[in-house]
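Below you'll find the structure, written out as structure tokens, and then a few comments.
The model shown is predicted, which means the values in this text are computed figures rather than measured ones. Chain identifiers are assigned alphabetically (A, B, ...) following the order of the sequence lines, protein sequences preceding nucleic acid strands; residue numbering begins at 1 within each chain.
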Protein chains: 2
Amino acid sequence: MAYTVKQLADLAGVSVRTLHYYDEIGLLMPDAYGENGYRYYDEDALLRLQQILFFRELDFRLDEIKAIIDRPDFDVLRALQTHRVTLEEKAARLTGLMQTVDKTILRLKGELGMSDKELFEGFDEEKQKQYAEEARRRYGSAEVDDSMKRWGNYSSAQKQQIVAEGEQIRRDLAASMGKGYDNPAVQQIVARWHQHLRYFYEPSVERLRGLGQLYVDDPDFRANYAKLDPKLPEFFRDAITFYCTDKT
Amino acid sequence: MAYTVKQLADLAGVSVRTLHYYDEIGLLMPDAYGENGYRYYDEDALLRLQQILFFRELDFRLDEIKAIIDRPDFDVLRALQTHRVTLEEKAARLTGLMQTVDKTILRLKGELGMSDKELFEGFDEEKQKQYAEEARRRYGSAEVDDSMKRWGNYSSAQKQQIVAEGEQIRRDLAASMGKGYDNPAVQQIVARWHQHLRYFYEPSVERLRGLGQLYVDDPDFRANYAKLDPKLPEFFRDAITFYCTDKT
DNA sequence: TATAAACTATGACGCCGCGTCAATGTCAAG
DNA sequence: CTTGACATTGACGCGGCGTCATAGTTTATA
């Protein structure tokens, strides 16, 4: 199914002018030009445009984006995973700014001694750029970044967010408990759960085809994850019950 | 204490060129020029620059920023509070993008049916701009926005974040338990706690001079907040114990 | 006290990522 | 067969600085 410029523009929430420009600089070329000169985009363009938007969101310049996603070894899946971490970095930065807001409010009320320097805490994008620098090297390359996936490597803000995500998934699953394990909505949640687990436990996530299996099999995992989220045992108990009663 | 350009630039994490430019367009003028032509900034410039950076962070244009903070009725405190909400909006948007990342990963793995439209969910800044539009009108005006401060008005992403903040404060307090209530660090945490409570319970926050008092007095509040954060009763118990043992 | 290093100033040009016209051609519906 | 929505290319311009260049001033060190 081919999209015209406006169709794609509306779908992706960008302007027609932007698509023209991306074509002009060779960043996103249409699948084909009609004999009238019209641009027609195919499915591949969707994913490519999505990548472009993600990178743009993370403050990459368009020529950088082009260089990255044109590399023959560019790996979309890996890129997406890196996007996620980088988005979390960005969110954590915003959290830092919120704290600066709070502290400034208290300073203005005279309730808090606050150094001049602290007034500007969180604005700096140094870490951000540092990360991007790494990312520029890493995107697309087959180089593995397992080190980032160890719990100890996350910042506390990231940890909070990750735990919150876990809780959300748990709530969602709880809300879908009645629907039966083979219900597509439930399957989606389970998939999100598998995805989520990658934060903690990479190597044998593939073993997680059966929900909770790892929790049952691996006392080490059980202990570690339970430390992060005290309600997790409950969750697993429920989930396993859920899984078993439905499967048998 | 007067800052030179570089001193201020380093402190705030902006470039000297930026300060020159802000002077040029009248956005941030130095307190005084030396006879050598040097710029010297005073304390007021710090807060003004901080405001500028906050607005810039929220994608306001410099001329808009100038118009806003030059208004005679510009209210820094109110602006800061609005900043906070807007920052949360931004963070929530990033959360949405993370979900799009997750879903795209699953789509690529074939584990999830996902419409083309969903590929671009979260990129749109419409809400963002809509909010900014409101903000432009509201910043500096004395108009009250209490409606935003009711729990029901928060998005679920915001709620998550607010709860996470509460948990963080609780952890911080727990870590400071030994230091005595009059310890400045503890007072800071208490102040953050008071600030935090404004999310839920605006009118009588002033009554919260004694920590936990409201929890003791108001069963309605007790019930409502406990629903949000199951561990809160513990916290209050600890906090009250802490407060009482130290006060008596 | 000489000199180097670090800071300051004021111009002026250039860049990116489009927005925003303008002029013109094409397609689908009534 | 008109009308309106859509398509094209081309050109100009903007915001927010980065990045020189040129030149004066202050501070540290030898």
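Atom CD of B:Glu35 is separated from atom P of D:dT25 by 11 Å (rounded to the nearest Å). Distance, B:Glu24 CD to D:dG18 P: 13 Å, rounded to whole Å. Following rounding to the nearest Å, A:Leu49 (CG) and C:dC18 (C1') show an atom-to-atom distance of 15 Å. Rounded to whole Å, atom P of C:dC7 lies 21 Å from atom OH of B:Tyr33. Atom CG in A:Asp23 sits about 14 Å away from atom P in C:dC18, given to the nearest Å. Protein atom OH of B:Tyr38 is 15 Å distant from nucleotide atom P of C:dA6, rounded to whole Å. Spacing between atom CD of A:Gln7 and atom C1' of D:dA7 amounts to 12 Å, rounded to whole angstrom units. In this structure, the CG atom of B:Leu19 is 13 Å from the P atom of C:dT10, given to the nearest Å.
Phosphate proximity of C:dA9 to B:His20: present, with a side-chain N or O under 4.0 Å from OP1 or OP2. Here A:Tyr22 does not reach the OP1 or OP2 of C:dG17: none of its side-chain N or O atoms lies under 4.0 Å away. Look at B:Arg56 and you'll find a side-chain N or O under 4.0 angstrom from OP1 or OP2 of D:dC17. The side chain of A:Ser15 contributes no N or O atom lying less than 4.0 Å from OP1 or OP2 of C:dC18. For the OP1/OP2 pair of C:dC7 and a distance below 4.0 Å, the side-chain nitrogens and oxygens of B:Thr4 include no atom meeting the criterion.
Of the candidate nucleotides D:dG18, C:dT8, C:dG17, D:dG18 has the atom lying nearest to any side-chain atom of B:Thr18. Comparing C:dT8, D:dC17, D:dA7 against the side chain of B:Lys6 picks out C:dT8 as the nearest.
A donor N or O paired with an acceptor N or O is not found under 3.5 Å between the base of D:dT8 and the side-chain atoms of A:Arg39. A donor and an acceptor atom sit less than 3.5 Å apart, one in the side chain of B:Arg17 and one in the base of D:dG18.
No side-chain donor from either of B:Thr100 and B:Glu118 sits under 3.5 Å from a side-chain acceptor of the other.
Outside the 6.0 Å centre-distance limit, the rings of B:Tyr41 and B:Tyr3 are not counted as a close aromatic pair.
Counting any heavy atom pair closer than 4.0 Å across all strands shown, B:Ile25 reaches no nucleic acid atom.
A salt bridge between A:Asp70 and A:Arg48 is present, with a side-chain N of the basic residue lying under 4.0 Å from a carboxylate O of the acidic one.
Along DNA chain D, the nucleotide nearest B:Asn36 and the nucleotide nearest B:Asp63 are compared for position; the residue whose nucleotide lies closer to the 5' end is B:Asp63.
Taking the six-membered ring where tryptophan is involved, the planes of B:Phe54 and B:His83 are essentially parallel, since the angle between them stays under 30° and well short of 60°.
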